[in-house]
Protein chains: 4
Amino acid sequence: MKVTQEKREQSINTMVDTALTLFSEQGYDATSIRTIAQRAGISLGLMYNYFKSKEELLVEICRRGASDVRVSFEQVSPEWQKMSAIERHIRQTVKILKEKKDFWKLIHGIRMQSEVVQRLSAEMKEQTAYVETQIRQNLIEAGIPFPELEAKLYFASLDGLAQHYLLHDNYPIDDVATLLIMKYKR
Amino acid sequence: MKVTQEKREQSINTMVDTALTLFSEQGYDATSIRTIAQRAGISLGLMYNYFKSKEELLVEICRRGASDVRVSFEQVSPEWQKMSAIERHIRQTVKILKEKKDFWKLIHGIRMQSEVVQRLSAEMKEQTAYVETQIRQNLIEAGIPFPELEAKLYFASLDGLAQHYLLHDNYPIDDVATLLIMKYKR
Amino acid sequence: MKVTQEKREQSINTMVDTALTLFSEQGYDATSIRTIAQRAGISLGLMYNYFKSKEELLVEICRRGASDVRVSFEQVSPEWQKMSAIERHIRQTVKILKEKKDFWKLIHGIRMQSEVVQRLSAEMKEQTAYVETQIRQNLIEAGIPFPELEAKLYFASLDGLAQHYLLHDNYPIDDVATLLIMKYKR
Amino acid sequence: MKVTQEKREQSINTMVDTALTLFSEQGYDATSIRTIAQRAGISLGLMYNYFKSKEELLVEICRRGASDVRVSFEQVSPEWQKMSAIERHIRQTVKILKEKKDFWKLIHGIRMQSEVVQRLSAEMKEQTAYVETQIRQNLIEAGIPFPELEAKLYFASLDGLAQHYLLHDNYPIDDVATLLIMKYKR
DNA sequence: AATGAATGAGACTTCATTCAT
DNA sequence: TATGAATGAAGTCTCATTCAT
């Protein structure tokens, strides 16, 4: 029973990891279930013992990704304690981006078309609503005019940063992030 | 002969326009040639008289899009004469974005996976290299440190702005753009 | 244009005929589209140019079958003019059964499970409602008690006859039909 | 040991009952072994410890159904003693039909295609040959002409009755059966 | 005896593309 | 030039069945 459970989870992990890699490399649509199965070293049919469909597999990948984000935002490393909310947010975003580059490549690659990802985005927004509130609060406290618009610009900039990091090799994300942080210092 | 030529061009225009609309609505992969032909009111086979393949059609769409960008950047409206290079660049970008929303939705929707679009991006970069130089020059002249990085941040921010405009309904792009411009005033 | 139209119809006829034969031999579920295509000498994909799905093909077969029934019931051969409504109905039913044995084998083979066929049955009932009225009227005029129940028994008997004819080789349907007719003489 | 034997039989009973229910609801082909196992609350693999295949399971269901028929025909309730052979046969048939509606729905649903059921039908004919002889004898004694054909018509009518009872909700089978019986009175 | 993970053939369906007319 | 019939590879998904534990 326990062995079975373990085997099951191991298989699922293998599938999810392989799928994520391939999805991020070739795109969701361009990756066939057969290819995933082959690369994962399992049979085609096994996928369907655990996931009702290809989309379900995508959903699971997203669920895990979202979970990782949540965890990552919850555990603030000690050295970041004294940072401003914005600096911490940027640093954390960059960290997550680097750690889960595959996942974010997948997300950014399909978010314009996929309903799944749009649903996920909405959910993640809810999760990180607290962070957003902090950011906005921070902008207000800094006496910055138009804090609402300013927040929009902030998120757009950070998103663009992510996009370019995912799109270009050797993008100096840390340096550009530092520059962005400086814009909001004092 | 000339009439024929005109009919030909008109057919092509219809095809390209219809394809662009559908691509931006449903995505490139999810749109079939048959659907395009039906919506364009022409026969399936005719598409292949004008375009060697579906990808060729995409290429043509991109060519036209790139051309529009070039034209748009060349003709500077009089009222923008006295703007700074950056302000002008942002305003023009926003203008192009609004005018060709379909096109940009398509581009942003597939640029992460499609080689075609990556090639196009490279080409467009070459086209707009002059603009980029101007921007960088402008940053330098403004005495801003790290002009290279600063340019990267600038383009990332503008790209993020575009992304959010394309992604969200009723995005107040003009206001956010104004805010971005203000960052570079003086 | 006309040629195209003809080719189209010819292809469709071939498909429908082949499908009907195979469906009646092996059953609807057990017959694959691939098999139909092979036997019809056409490519697999062509089916889907004309029929949205396997079920749609079944629907078309049923439509044609129902149409045949309607036509058959409309044209009463001269020698049947003087028959009673019931005798004529039985004779016509037997005639249709023999002429379209394939079709009826298919129908009787799947009517217990298939919604398609149940819908069709309902439609055909509407078509032949007039006949049913005639039968019932006839039973009433013959002074038979419980005409409603009697009509039910009549249709059940006729249906059972059909069933056994379709199920057993060399079933003497004409003789049994004659016997049934005699039950309702005078 | 005996306990084991009992458990075994109980498991088998559960499987057979569940399978019968599902087969009659959705049809034999449309019901998967996995679904049966889930609904029966046993594991997928266990089915194959008791039945070599899905068809074997069908065979067992049919065996039991046939056995029930035999038993039912053997035990004649006292009140039916004085009925004619035909009246008794019809009443018994209706009784069996009602008691095992699931089973008969399954049988009637697949008998046109399934070899299994055709084999079973043949076997059941042998089993009930005695009854048939009685019926035929009865028809002869009643001085009815063409007793062979008459027997065929009789069985067809009864079969049609069954078919309509299985096919339509609230079918007044008792009343129609009574009417059929009356046809053979005296 | 019992479990359910694993398999792979095969079903339906879509779609870019070709080609005869 | 224009049509749409025809093709067949490839994709997703199902399912009876096997087998290690």
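These values consider heavy atoms only, across backbone and side chains, with no hydrogens, waters or symmetry-generated copies. A quick note: this is a predicted structure, and the numbers were derived from the prediction, not measured.
At most 12 heavy atoms of other shown residues, nucleotides or ligands fall within 6.0 angstrom of atom NZ in Lys52(A).
In the set dT7(F), dG4(F), dT1(F), the nucleotide with an atom closest to the side chain of Tyr50(B) is dT1(F). For Ile33(D), the listed nucleotide lying nearest its side chain is dA16(F); candidates were dA16(F), dC12(E), dT12(F).
Each of Lys54(C) and Gly45(A) lies near DNA chain E, and the nucleotide nearest Gly45(A) is the one positioned closer to the 5' end. Heavy-atom distances to DNA chain F give each of Ala30(A) and Lys52(D) a nearest nucleotide, and the one nearer the 5′ end belongs to Ala30(A).
In this structure, dA6(E) forms a base pair with dT17(F), meeting either the Watson-Crick or the G-U wobble geometry with both donor-acceptor distances under 3.5 Å.
Between the side chain of Thr18(A) and the backbone N or O of Thr14(A) there is at least one donor-acceptor pair closer than 3.5 Å.
Residue Thr35(D) is out of contact with every strand shown, counting any heavy-atom pair closer than 4.0 Å. Within 4.0 Å of Leu46(C), counting heavy atoms only, lies at least one base atom of the nucleic acid. Residue contacts for Ser11(A): at a heavy-atom cut-off of 4.0 Å it reaches the sugar-phosphate backbone alone, with no base atom in range.
At a cut-off of 3.5 Å, with distance as the only test, a side-chain donor of Thr35(D) or Ser32(D) sits close to an acceptor on the other residue.
In the interface, the side chain of Asn49(C) is paired with the base of dA6(F) through a donor and an acceptor atom under 3.5 Å apart.
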